[in-house]
Amino acid sequence: MTAYVYNTMTKKREPFEPKEPGKLSMYACGLTVYDKSHIGHAMQAIIYDMIRNYFEFRGYEVTYVRNYTDVDDKIIERAALENKPALVYSQEMIDLSLKDMALLGVKPATIEPKVSEHIPEIIELIQKLIDKGHAYESQGDVYFEVRSFPKYGCLSNRDPEELRSGSRIEINQQKNDPLDFALWKRAKEGEVSWTSPWGEGRPGWHIECSAMAEKYLGREFDIHGGGRDLIFPHHENEIAQSCAAHDSCYARYWIHNGLILVDGQKMGKSKGNFYTIQDAVKAFHPEAIRYTILKSHYTANIDFCDSAFHDAYSRMLYFYNTFKRVEEIREQFPDAEATPPANITVPNIKDAFIEVMDDDFNTVAAIREINAGFKFINDLVAAKKPKMKQKAGVILAVADEIKTCLGILGLCQNPSKQALAEIQEYLIRARNIDPAEVEARLQERVAARENKEWQKADDIRESLIADGIAVMDTPQGTEWQVLPHKPKACDKEA
RNA sequence: GGCGAUGUAGCCAAAUGGCUAAGGCAGAGGUCUGCAAAACCUUUAUUUGCCGGUUCGAGUCCGGCCAUCGCCUCCA
């Protein structure tokens, strides 16, 4: 079976053929670390983490490069505010980001290069562009000559002439053409800088990705990804630099993820609708965040609002409650055989999962297939017909299968009791519930039930439900769990 | 203004021309239960923003219109 990938360059879904059979080389534009990571970064990281997991699952040897841009104007500005050297400040942000990402189940990329450690490669690439007539030095800066690259605009379908006539292009006397962009910036007094053939300075924005992708993945590699908002100018400029320098094709497939919206608008600091990962993780359980991101196709935008999480919590509770049942069965029947009883058809979750994931990483449909597995398990557990002894093995086998699939999405890999307790903590906090008080009311109810004072017991239960607390009488005693909030429509007026 | 994306049920969201338009959430009915909860079963779009066209066949392709969003300045 072949995987299909939507390629932004051709605007078509194409069969994925790696440059080298069995290997995947992927570059995703990572962070410019001038501040704490936000959930937009998290979305991007989660999506490429999922793609990497999936290719590994399919047997590819994956080299996934995700860079840190640790030198730029904003970093210098912020570091100065905090009275720190720029690279010290950016390293702190990198360390924070790694912690934040780990909370969301994002593994570090295979290689996470930093700009500050690749200055020689960058200088070499710039020199090559100058030598080939694609770049020029001007008062200590070096600019890429857009006119020298006829294909400019091929990714974003922009016409350089129309861009030039646009009023928003900054006029800069040092440039030959308003579209030319900086490869190297002369250092101002006191700024972090490196020695180059053009004097003291530092790299411009786009060049670092071209240089580092080439170093770790070669001049031509398989997948280049990033947020949709990077298509122009960032990725367009990368293409110009790399292709002009080497006359080669650079990335074979371009993929772009959607963006996080808040109140229907792109999240951004200037709009004040901004969540750092730390904000988000404080408000919502990390797995609920991950689920919320993967329950849409990666190219879609996601509106990040309270109501989006009702669904996520409902599902996380369902998944983990089911796994809790499965774990109890496993304890009871550790050696159960996976041969299904005669009249039971076992769904092939894994194949269905692969089929939809091969179709441009359709995580939405993948979750649908996983749902079918859960339903099968719960159905079989509830059924009276085959004795548990006979069906336990099948239940365990299907549970293992869906757990593998969920693992590729980065979900449900924790012990269920622990995960359920964590989710409960979030819901308790969100609803402002006092567990001690709940326990007290529950004790009252237990007493009422023992006296068969059903009305009183039911009244207590109803009052707890009104507070979002579901009460469950089980043979082991009475348990309770907090339910997610009823969904409200996202307020798109803002 | 240019470029691009999106518009599918009360809400979220799949479906890359072809069997009765997935799945989830919320709602309704049922099984189980003292009653519930959880779980399970049944049910909820004669129709995909609007208008035209291509086709044996359109949510899907083409044209026009409307609406929302993004990029064109730093952005994941």
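Chain A is the first sequence line, chain B the second, and so forth, proteins listed ahead of strands; every chain is numbered from 1. The analysis underlying the following values was restricted to heavy atoms, covering all of them including side chains, and did not include hydrogens, waters or symmetry mates.
- Contact check, A:Y318 against B:G23: no side-chain N or O comes under 4.0 Å of OP1 or OP2.
- The residues A:R13 and A:D359 are annotated as salt-bridged, a charged nitrogen and a carboxylate oxygen being separated by less than 4.0 angstrom.
- Classification of A:R164 and A:E161 as a salt-bridged pair holds, one side-chain N sitting under 4.0 Å from a carboxylate O.
- Going from the P atom of B:U46 to that of B:A39 covers 29 Å, rounded to whole Å.
- A salt bridge between A:D72 and A:R78 is absent, with no side-chain N of the basic residue lying under 4.0 Å from a carboxylate O of the acidic one.
- Side-chain atoms of A:D473 come within donor-acceptor range of the base of B:C35, with a qualifying N/O pair under 3.5 Å.
- The residue A:Y6 sits apart from the nucleic acid: no heavy atom pair falls under 4.0 Å.
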Could you spell out the base pairing of RNA chain B as a dot-bracket line? Use Watson-Crick and G-U wobble contacts where both distances are under 3.5 Å, [ ] for crossing pairs, | for partners on a different strand.
(((((((..(((.....[....))).(((((.......))))).....(((((..]....))))))))))))....

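- For the pair A:N378 and B:C40, the criterion of a side-chain N or O lying under 4.0 Å from OP1 or OP2 is met.
- Using modelled atom types and a 3.5 Å distance limit, the side chains of A:D70 and A:Y89 yield no donor-acceptor pair.
- Minimum atom distance to the side chain of A:K375 is reached by B:C41, of the listed B:C72, B:C41, B:A13.
- Atom P of B:G23 sits at a distance of 16 Å from the matching atom of B:C19, rounded to the whole Å.
- Taking for each of A:R449 and A:H297 the nucleotide of RNA chain B with the nearest heavy atom, the 5'-most of the two is the partner of A:H297.
- Distance check, rounded to the nearest 0.5 Å: NE2 of A:H256 to CG of A:N7 gives 9.5 Å.
- In terms of position on RNA chain B, the residue among A:Q481 and A:Q44 whose nearest nucleotide sits closer to the 5' end is A:Q481.
- Across the protein-nucleic acid pair, A:L259 atom CG and B:C69 atom C1' stand 10 Å apart, rounded to whole Å.
- Under 3.5 Å, the side chain of A:R368 and the base of B:A14 form no donor-acceptor pair of N or O atoms.
- Spacing of C1' atoms, B:G18 relative to B:G1, comes out at 42 Å, to the nearest Å.
- Ion pairing between A:K456 and A:D459 fails under the 4.0 Å rule for side-chain N and carboxylate O.
- Rounding to whole angstrom units, CG of residue A:D458 and P of B:U33 are separated by 16 Å.
- Neither OP1 nor OP2 of B:C32 sits under 4.0 Å from any side-chain N or O of A:K384.
- For B:C25, the OP1/OP2 oxygens have a side-chain nitrogen or oxygen of A:R315 closer than 4.0 Å.
- With A:Y291 as the aromatic partner, A:R315 does not meet the cation-pi criteria of under 6.0 angstrom to the ring centre and within 45 degrees of the ring axis.
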